[in-house]
Structures are given as structure tokens and as C-alpha cells.
Amino acid sequence: MIDLLKAPPKPKTRIIGHLQGAEPGPVLVFFGGIHGNEPSGVQALEHVFSKLEKHSSQVKGNVYGLLGNIPAILQNRRYIQKDLNRLWLKEEITRIEHCKATHRSFEEQELYELLNLINQLFTAHHQPFYFIDFHTTSSKTLPFITINDAMINRKFARQFPVPIILGIEEYLEGPLLSYINSLGYVSLGFESGQHASEEAKNNSIAFFWLAMIYAGAIQKEQMNSFDVYFTALRTSASWNRNFYEIVKRFAISPEDSFNMEPGFHSFQKVSKGTLLAQLNESPVYAEKKGILFMPLYQPQGAEGYFMIKRIPTWILGISSMLRKTKADHLLTFLPGISWRDASKTQLVVNLNVARFYSKAIFHLMGFRNRELDKHHLLINNREKAARNHLYKNSPWY
């Protein structure tokens, strides 16, 4: 039995590695182990930083590898008391910053230390930042990227030969990358495969080197193994480079008894009526046909599974055009929609008046939806915060 009243011992440093390049350039910050039962990202970062020094003369900018939830990593648990990847809400951060260290949970202390380190990086560097968070899943999966759907994220992410998932921030409260994205920086989550698999570690290593090249930290011509990493990642992803969006989250609570039926994996197509799981000894069936995503095969977690659908390329094109022309300003001419305040970053939708409006319209223009109450929807503009000027000279922009 794990003693939750006594904190496990910590390694001496949270920084897995740091390399300062020979010339100015981007700042890449990689996280591993935000969930402690996902060792592949940590192992990948330890591997690449052991090799990175020999490339120091070729690197531009700064590269950091950071440990996430150290107490949970040491116990191979997703978390000890709270999910570290659900705490990054402004109200929570303010509370954690102002409370005594002795009053913080293990994960709150981890957030406090990580936040201080991130703020130190913002003070030390003024080049464009790239934040990449390595994760794995409890089920078998293709490697994939998750992003908050700002255009800078979408443009950078689409260079990688893996599927891209949009909209997960609408279903998860408090992920680390949502907080960073709210500050306007490029931020990607990379799910490299199933927990602790060799393939997941190798996919994370490949992703690291591709990210270095795409961000401009290393020139492609200087990396003889670029094609090897690109091909390996593309093969692991079964040549799937589609965009998807989440359309359903099956939420569970710690009090629930949830058991996914065996054999499911991410990106698996399921038919209506398929038996998916048992919730409190009652069967859970697929309500309609769709694509299963991240089925849960571990004790800890608040999502039993998600359902996703593929986004057609033409929809992505329309979305890009609407954002470039700032068409969102026309929304307030529609009944039941108004700006929340003078900053014009949030819209309030009165569902009594505008209940027939589709969320898809708001998604096209870059808004994230969140219910304020039964009658009002708050939608945040992802593009307003984006620091596009930092990235406009990047090849991918």
C-alpha cells in the first residue's frame, strides 16, 4: 500500500538536459512524465540529451528537457493525489502560488516548481518558444498530436507525419499545454504510443529530432538521419496524417467502477451498438458509429474513452480563411451573441435565443466552447492570444 502522507524522495534536479546552441534561435521546451506512469517520454529525453552534445555546434537557440510529476514518476503512478495535467487553470494557479508549501498537495507543489521554471525561461529568453509535452496511452494507438486549435499550432503540427487531434481542450479542464497556449506560444502534445513500449520511446525520439528541424534549431541538411526518423514515424502512424476532432467524451469519476472491454485501440472504427465497457456493472454501448479514441485501460483517469471524427481538408481551408479575415467580428450581429467585455476575446451565447447555432461554426472561427450555465455558453477566441509575430519568419508559418 502506497503511503500518500509521505512524499517520495526526489531526484536532485528537474532538468533532464539543457543545451545552448552556438547561435541565437528558437527555444524548445520538452516535458516528460507529466503523468508518472508514462516513462517513454522521460526515457526518450534522457536518450537524446545524451547524444545532443555532439550536435552543439549545429544547434541554434536553446533546448530544454524537463521532468514533470517527479513523485508520481518514482512510484509509476499517473498521479499521487491530483492529476497534474488538470491543474493548470488560472484560478488554481493563483491559489497554489499564494498558499503555503506545507498546504500544497504533491501535484500542486510540482505545478509550483514547474511554473517557476517556465517563468524563468520566459525571463531568460526572447526567441520564439515551442513547448512539447510527451505522453503515452494505456491502449494501443497510432502516434498522434493533440493541439489547441490556434493556427500557429495547426501550421507547425501539420509538418509531422502523424494524425492531429483538435478540440481536446474543450473536454479537459486544466492541461499544461492549454495554459501555455493561452499565453500565445506554440504548444503540442505528442502521444507516442502505448505506455512503456519500445515503439513509444522510439517515436518520441524521432519526434524530438523532427521538432528540432522544423523549429529551425538544426538545419535539415545537417541531420543525416532525418529521413530515417521521418519514415519511422510515418510508418508507425500507418501513413495517417488526417485531422480529427473530438465529438464525445465518456466521463467517469473516481467512485465509478469502469472496465473497458478488452481489445480496443485508438482510431478503431466501431459500429452503433458495439459493447464498449462496463460502468458500475452496467453495459456501455456505442450510441452511433464512429472512431474510438483513447480507451482507458488503467486504474486512474477521468475519461473512459473519446469518440472522434475526421475533418475534411476543405473545412480546414475555410477555417483558415475565416480566421485570416477576422470574420468572428460578424458573429455579434447574430441574435443571442455578444462580446463578454471590451477585450473582445470571449463571446457569450444565450442558448435560449441561439440554441440552433452549431458549435462547428464557432470552431471554424477559432473559438473554444465552455458552458457557463444551462442557458449561456462562453466561447474563447484561440487566435487572440497567439503571438504570431514571434513565428512569422519561420519556414512553416
Side-chain angles (χ1 to χ4, degrees), residues 1-2 4 33-38 68-69 71-72 75-89 92 105-108 110-111 133 135-142 144 146 148 165-178 189 191 193-196 244-309 359 368-371 373-374:
M1 193 74 176
I2 295 171
L4 299 184
I34 293 293
H35 288 141
N37 64 329
E38 302 175 12
N69 192 339
Q75 296 190 15
N76 192 32
R77 291 168 56 88
R78 181 178 173 90
Y79 55 86
I80 303 299
Q81 292 169 297
K82 298 181 178 181
D83 191 329
L84 178 57
N85 211 32
R86 301 293 185 271
L87 295 179
W88 296 82
L89 301 165
E92 276 289 281
S105 70
F106 295 152
E107 277 75 23
E108 288 171 353
E110 295 300 284
L111 181 148
D133 190 9
H135 284 272
T136 51
T137 67
S138 61
S139 62
K140 290 184 178 181
T141 184
L142 306 179
F144 61 90
T146 60
N148 288 19
I165 312 297
L166 307 181
I168 198 166
E169 78 273 20
E170 287 192 349
Y171 297 89
L172 304 180
E173 287 293 322
L176 165 63
L177 293 185
S178 288
E191 303 271 359
Q194 193 170 22
H195 294 339
Y244 297 86
E245 68 173 329
I246 294 177
V247 294
K248 177 183 174 63
R249 170 188 181 240
F250 189 85
I252 56 176
S253 69
E255 295 75 31
D256 287 326
S257 171
F258 178 84
N259 291 287
M260 199 77 198
E261 292 293 315
F264 287 111
H265 55 84
S266 283
F267 300 95
Q268 179 177 345
K269 294 181 179 179
V270 295
S271 303
K272 180 180 179 180
T274 300
L275 177 61
L276 298 176
Q278 299 287 332
L279 178 66
N280 300 324
E281 300 184 359
S282 296
V284 177
Y285 299 98
E287 297 175 357
K288 57 179 72 174
K289 72 175 182 179
I291 303 173
L292 187 65
F293 184 61
M294 293 179 69
L296 185 70
Y297 289 105
Q298 62 187 19
Q300 293 175 306
E303 294 80 35
Y305 61 87
F306 296 91
M307 299 297 292
I308 58 176
K309 68 176 182 180
K359 282 187 177 182
R368 174 199 178 204
N369 306 288
R370 182 167 65 85
E371 288 186 5
D373 53 49
K374 291 191 298 184

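Each residue takes its place number in the sequence, starting with 1.
- The CZ atom of Phe106 lies 10.5 Å from the CZ atom of Arg77; values are rounded to the nearest 0.5 Å.
- Residue Ile308 holds its CD1 atom at 5.0 Å from CD1 of Ile291, rounded to the nearest 0.5 Å.
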Hey, can you pull the donor-acceptor pairs under 3.5 Å for the side chains in residues 259-273, sequence neighbours left out?
unit_1, atom_1, unit_2, atom_2, d
Ser266, OG, Met294, N, 2.7
Gln268, OE1, His265, N, 3.0

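- Scanning for salt bridge (Lys or Arg N to Asp or Glu O under 4.0 Å) contacts around Glu191 gives an empty result, with sequence neighbours left out.
- Looking at Leu89 and Glu173, their side chains come closer than 4.5 Å, going by heavy atoms from C-beta outward.
- Screening residues 291-309 for side chain to side chain donor-acceptor pair (under 3.5 Å), with sequence neighbours left out, gives Asn37-Gln298, Arg86-Glu303, His195-Gln298, Arg249-Glu303.
- At a cut-off of 3.5 Å, with distance as the only test, a side-chain donor of Glu255 or Ser253 sits close to an acceptor on the other residue.
- If you take CH2 on Trp88 and CG on Asp83, they are separated by 12.5 Å, rounding to the nearest 0.5 Å.
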Throw together a table of side-chain donor-acceptor distances under 3.5 angstrom for residues 275-287, partners on residues two or more places apart or in other chains.
unit_1, atom_1, unit_2, atom_2, d
Asn280, OD1, Ser257, N, 2.7
Asn280, ND2, Asp256, OD1, 3.0

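- Environment of NZ in Lys140: sparse, with no more than 12 heavy atoms of neighbouring residues, nucleotides or ligands closer than 6.0 Å.
- In this structure, OG1 on Thr274 lies 14.0 Å from NZ on Lys288, to the nearest 0.5 angstrom.
- Looking only at distances, no side-chain donor or acceptor of Asn85 sits under 3.5 Å from a matching main-chain atom of Ile34.
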**OP:** Go through the steps for Ile246 and Phe293 under the test side-chain contact (heavy atoms from CB on, under 4.5 Å), then give the verdict.
**Re:** CA-CA 9 Å; Ile246 294 177; Phe293 184 61; 4.3 Å; yes
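- Taking the six-membered ring where tryptophan is involved, the planes of Phe258 and Phe250 are tilted, since the angle between them lies from 30° to 60°.
- Side chain of Glu92 to main chain of Leu87: no donor-acceptor pair is present (N/O by atom type, distance under 3.5 Å, no hydrogens or angles).
- Remark: Asn148 pairs with Ser178 by the side chain to side chain donor-acceptor pair (under 3.5 Å) rule, at least two apart or across chains.
- At least one side-chain heavy atom of Leu292 sits less than 4.5 Å from a side-chain heavy atom of Met307.
- To the nearest 0.5 Å, atom CG of residue Asp133 and atom OG1 of residue Thr146 are 8.0 Å apart.
- Under the 3.5 Å distance criterion, the side-chain polar atoms of Glu38 are left unmatched by any main-chain donor or acceptor of His135.
- Atoms CG and CD1, from Leu296 and Ile252 in turn, are 5.0 Å apart once rounded to the nearest 0.5 Å.
- For Lys82, the salt bridge (Lys or Arg N to Asp or Glu O under 4.0 Å) test picks out Glu108, with sequence neighbours left out.
- Considering every non-hydrogen atom in both Arg78 and Asn69, the closest pair reads O-ND2, 4.2 Å.
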